[in-house]
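Here the structure comes first, spelled out in structure tokens, and everything after it is commentary.
In what follows, every heavy atom counts, from backbone to side chain, and hydrogens, waters and symmetry copies are set aside. Just so it is clear: chains get the letters A, B, ... in the order the sequence lines come, proteins before strands, and each one is counted from 1. None of these values were measured; they are calculated from a predicted model.
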Number of protein chains: 2
Amino acid sequence: MAIPRAARTQRRTRIQEEKEEVILEAALDVFSVNGFRGSTIDQIAEVAGMSKPNLLYYFRTKEAMHRALIDRVLFTWLEPLRAFDANGDPESEIRSYIRRKLEMARDFPRESRLFANEMLQGAPHVEDELRGPLKSLVDEKAEVIRAWAKTGKIAKCDPYHLIFSIWSTTQHYADFDVQVRAVLGDEHSGEGRFEDAARYLEQLFVDGLGIRQS
Amino acid sequence: MAIPRAARTQRRTRIQEEKEEVILEAALDVFSVNGFRGSTIDQIAEVAGMSKPNLLYYFRTKEAMHRALIDRVLFTWLEPLRAFDANGDPESEIRSYIRRKLEMARDFPRESRLFANEMLQGAPHVEDELRGPLKSLVDEKAEVIRAWAKTGKIAKCDPYHLIFSIWSTTQHYADFDVQVRAVLGDEHSGEGRFEDAARYLEQLFVDGLGIRQS
DNA sequence: TGTAATGTTTACCAATCGGTCAAATTATCT
DNA sequence: AGATAATTTGACCGATTGGTAAACATTACA
């Protein structure tokens with residue numbers, strides 16, 4: 001008899017590993033565009049190339065799929081902020097943070113949109129993670145920035161709003177991609193726009209924070 | 001016999017004005033949170049306090065409602081950019097543009113989220129408006145900024161990405177409101193956060209663009 | 001005030017929704 | 001190879017979806 005996924009306590013099968021991967025990949029496609037409510041299991045099943053009951057064999061509910069997806073994305077999404085080094089020098093740390101976030105917007109736009117969708121809906125599935133782990137991480141890095149400001153390495157500014165502004169400006173290129181393309185026109189919508197954005201944003205933040213030495 | 005809304009060519013009734021207003025208000029509530037696909041006519045009807053067929057008497061389809069809503073929002077949403085004055089001086093123009101956009105994020109967060117939802121889904125209903133009127137307006141203002149840069153009034157920078165960065169940083173406070181509140185904690189989540197944001201963003205952009213005179 | 005146009009509601013429809021079930025198929029291991 | 005566990009599927013369920021038809025109620029205007 002088949003053992004439903006949730007009851008598994010033993011090791012996972014090869015097939016389970018593979019299929020769950022395929023499913024989450026498809027789910028990311030669908031959820032990131034339509035949000036949780038706007039997505040259907042049938043859509044995901046079709047993208048995943050399997051029948052709906054088969055999909056539900058691996059994830060017993062739509063919620064479970066979304067949950068698994070959010071958990072995975074949330075972790076990798078915070079990777080750049082975790083890499084933010086308190087011992088590095090302000091200019092290069094901020095530059096590379098911007099660059100890393102922009103690379104993620106370029107390479108993982110679906111993950112960015114999934115997250116954005118969740119935020120727009122009021123974070124019904126992840127508010128605890130926001131108030132817990134996310135807040136802790138941001139608090140820690142904000143303290144680093146505050147110290148930089150105190151010792152005059154960068155201009156005095158609110159570290160939280162600084163972080164918000166880096167998040168928003170970089171993620172914008174993933175979440176509002178259609179708008180960016182529409183405004184820039186077809187000729188400037190190639191991948192080069194990420195290089196232009198990086199150049200502009202690094203200038204904005206480095207000069208805006210008064211840490212240009214050259 | 002009842003004349004369906006779409007067939008009306010004559011003047012609108014008093015009741016029509018009122019009810020359409022109520023409906024669009026309710027639709028804004030629902031669409032801005034759940035997106036187009038994730039919203040249901042029943043939800044909107046309940047919020048509007050009327051029966052579903054009654055609602056469908058004024059807007060014959062869900063699409064028609066969404067359309068009417070988007071059209072209205074799109075216009076007012078671009079008001080701050082239209083007010084951007086080519087003859088003003090760079091610092092005060094940028095400062096007041098930021099301030100106006102932040103005020104809109106504070107006072108009309110639903111409108112911002114409705115727009116964000118549409119972007120996340122790839123702008124299936126408004127791509128023409130983006131490529132047409134929006135692009136034209138942005139092109140025009142970008143030219144102003146480029147001229148400022150050329151005459152040395154502000155630092156050399158890509159005017160399009162400058163506009164993108166002002167859009168994203170300000171709208172962030174509406175679209176990612178939950179996240180902002182979660183990270184700032186309950187004690188700093190009052191309306192004062194908009195003042196903090198304004199102070200920070202004005203500093204960032206004014207200094208970042210090298211136009212601080214004091 | 002009568003009447004025609006406008007507005008509202010109840011009952012309903014086919015399609016789609018998330019999810020179940022039992023039977024059939026396939027992989028795994030001895 | 002044979003037994004057993006894991007995987008897959010078609011048929012189906014009740015609830016919800018967007019939308020309609022027609023009867024009913026209300027308003028505006030002569």
Side-chain angles (χ1 to χ4, degrees), chain A residues 1-24 26-27 29-31 33-70 121 124-125, chain B residues 1-24 26-27 29-31 33-70 121 124-125:
Chain A
M1 184 184 301
I3 298 174
R5 179 174 189 282
R8 268 190 295 111
T9 53
Q10 320 297 54
R11 67 195 177 288
R12 300 161 71 199
T13 311
R14 172 184 56 88
I15 295 182
Q16 276 168 19
E17 303 253 12
E18 291 172 6
K19 289 299 171 77
E20 285 177 13
E21 186 58 40
V22 170
I23 291 170
L24 288 181
D29 264 0
V30 178
F31 280 134
V33 171
N34 301 109
F36 182 76
R37 282 224 52 188
S39 303
T40 71
I41 301 182
D42 296 84
Q43 280 180 304
I44 299 169
E46 192 187 334
V47 174
M50 59 180 83
S51 66
K52 179 166 63 171
N54 193 9
L55 191 151
L56 286 165
Y57 170 75
Y58 292 100
F59 296 92
R60 292 196 305 177
T61 65
K62 185 178 159 187
E63 290 243 358
M65 278 181 39
H66 190 255
R67 176 92 237 159
L69 197 54
I70 286 273
Q121 286 159 31
H125 306 98
Chain B
M1 184 187 302
I3 297 173
R5 180 175 188 279
R8 270 188 293 114
T9 52
Q10 319 296 57
R11 68 197 176 287
R12 301 162 70 203
T13 311
R14 170 186 56 93
I15 295 183
Q16 276 169 19
E17 302 253 13
E18 291 172 5
K19 289 298 171 79
E20 285 177 13
E21 185 58 40
V22 170
I23 291 170
L24 289 180
D29 263 0
V30 176
F31 280 134
V33 171
N34 301 108
F36 182 76
R37 284 224 51 187
S39 302
T40 71
I41 301 182
D42 296 84
Q43 280 180 306
I44 298 169
E46 191 186 335
V47 174
M50 60 181 82
S51 67
K52 179 166 63 171
N54 194 10
L55 189 151
L56 285 165
Y57 169 73
Y58 292 100
F59 297 93
R60 291 196 306 177
T61 65
K62 185 177 158 185
E63 291 242 356
M65 277 182 41
H66 190 256
R67 177 92 237 156
L69 197 54
I70 285 273
Q121 287 158 32
H125 306 98

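In terms of phosphate contacts, A:Q16 brings a side-chain nitrogen or oxygen within less than 4.0 Å of OP1 or OP2 of D:dT7. For the pair B:S51 and C:dT8, the criterion of a side-chain N or O lying under 4.0 Å from OP1 or OP2 is not met. For D:dT8, the OP1/OP2 oxygens have no side-chain nitrogen or oxygen of A:Y57 closer than 4.0 Å.
The CD1 atom of B:I44 sits 14 Å away from the C1' atom of D:dG19 (whole-angstrom rounding). If you take CD1 of B:I41 and C1' of C:dC13, they are 14 Å apart, rounded to a whole angstrom. Here C:dT8 presents its P atom at 10 Å from CD of B:E18, a figure rounded to the nearest Å. When rounded to the nearest whole Å, the span between CG of B:D42 and P of D:dG19 equals 11 Å. Rounding to whole angstrom units, CG of residue B:L55 and P of C:dT9 are separated by 11 Å. For A:M65 and C:dG19, the CE to P distance is 10 Å, given to the nearest whole Å.
Interatomic distance, A:M65 CE to A:L56 CG, rounded to the nearest 0.5 Å: 8.5 Å.
Residues B:E20 and B:F59 meet the side-chain proximity criterion, which asks for heavy atoms closer than 4.5 Å.
B:K52 comes within 4.0 angstrom of a base, heavy atoms only. Nucleic acid contact class of B:L56 (heavy atoms, under 4.0 Å, all strands): base.
The main-chain N or O of B:H125 is found under 3.5 Å from a side-chain atom of B:R67 such that the two form a donor-acceptor pair.
Closest approach of B:A27 and B:L69 over heavy atoms only: C-CD2, 3.7 Å.
Ring planes of B:F31 and B:F36: parallel class, angle under 30° (limits at 30 and 60°).
Each of C:dC17, D:dT8, C:dG7 was ranked by its minimum atom distance to the side chain of A:K19; first place goes to D:dT8. Nearest to the side-chain atoms of A:N54 among the listed nucleotides C:dG18, C:dA11, D:dT8 stands D:dT8. Among C:dG19, C:dC17, C:dT8, the nucleotide with an atom closest to any side-chain atom of A:T40 is C:dC17. Checked against D:dT17, C:dT8, C:dT20, the side chain of A:R37 finds its nearest nucleotide in D:dT17.
If B:P53 and A:K62 are placed on DNA chain C by their nearest nucleotide, the residue sitting closer to the 5' end is B:P53.
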